[in-house]
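Accompanying notes for the structure given below.
Everything quoted here is computed from the prediction, not taken from an experiment.
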Amino acid sequence: MTEPRAATAGTCWSCGNALVLPPRLVLTTPPPRTEHHIMLHRCSRVQAHHLAPEPARHDYGDGTLVAQLTEHLQRPGKFGLELDFGGARAVVRAR
């Protein structure tokens, strides 16, 4: 297991090879500033509690969905962050 905010993944306890961490999204909330680290995989979702500095609870329901990682339809293997603003949608992609 690695530390959540670690810059390097460390090494495998068995073979000694360097571990590869998945890409992550770092969200910084408004004051009081808090960083939320979200490890990205094919079905990653950003929920409303990720945007709050000190959320009262962690609700993972569809009603709190803010964004989700989606694969490009014509370019398999290329992903973007699809934002959901109450019916209006936008897509953000990394360069």
Side-chain angles (χ1 to χ4, degrees):
M1 193 72 186
T2 62
E3 291 297 319
R5 289 169 174 60
T8 59
T11 57
C12 174
W13 63 269
S14 177
C15 66
N17 288 336
L19 299 174
V20 178
L21 288 176
R24 65 181 161 189
L25 178 66
V26 180
L27 300 172
T28 304
T29 66
R33 290 183 149 342
T34 303
E35 282 188 354
H36 295 282
H37 295 249
I38 302 169
M39 294 295 185
L40 299 176
H41 54 81
R42 291 185 175 270
C43 302
S44 291
R45 297 164 54 118
V46 178
Q47 305 295 141
H49 68 262
H50 290 124
L51 306 178
E54 298 173 7
R57 57 184 287 226
H58 293 79
D59 186 359
Y60 291 94
D62 288 338
T64 65
L65 180 66
V66 175
Q68 62 186 352
L69 201 64
T70 56
E71 190 168 13
H72 195 284
L73 297 175
Q74 284 82 30
R75 294 167 147 175
K78 190 158 190 114
F79 291 85
L81 197 60
E82 183 179 351
L83 306 175
D84 185 358
F85 297 110
R89 294 193 181 272
V91 176
V92 177
R93 60 184 169 85
R95 293 182 185 215

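Interatomic distance, OG1 of T70 versus CZ of R45, reported as 12.5 Å (0.5 Å rounding).
When all heavy atoms of P30 and L51 are compared, the pair lying nearest together is CD-O, 4.2 Å. Of all non-hydrogen atoms in P32 and P53, the two that sit nearest each other are O-CB, 3.4 Å. When all heavy atoms of D59 and T64 are compared, the closest pair comes out as O-OG1, 3.0 Å. Across L19 and A9, no two heavy atoms sit closer than the pair O-CB, 3.4 Å. In this structure, L27 and H50 approach most closely via the heavy-atom pair CD1-CB, 3.9 Å. Here the closest heavy-atom approach between residue H72 and residue Q74 is recorded as ND1-N, 3.1 Å.
No side-chain heavy atom of H36 sits less than 4.5 Å from a side-chain heavy atom of V26. Contact of the H41 side chain with the M39 side chain is not registered, since no non-hydrogen atoms from C-beta on lie closer than 4.5 Å. For the pair L81/L25, a side-chain contact is recorded, criterion being any heavy-atom separation below 4.5 Å from C-beta on.
With hydrogens and angles ignored, the 3.5 Å screen pairs no side-chain donor or acceptor of Q68 with any backbone N or O of C43. Side-chain atoms of T29 come within 3.5 Å of backbone atoms of T34 as a donor-acceptor pair (strictly under, hydrogens ignored). Between the side chain of H49 and the main chain of Y60, no donor-acceptor pair closer than 3.5 Å is present.
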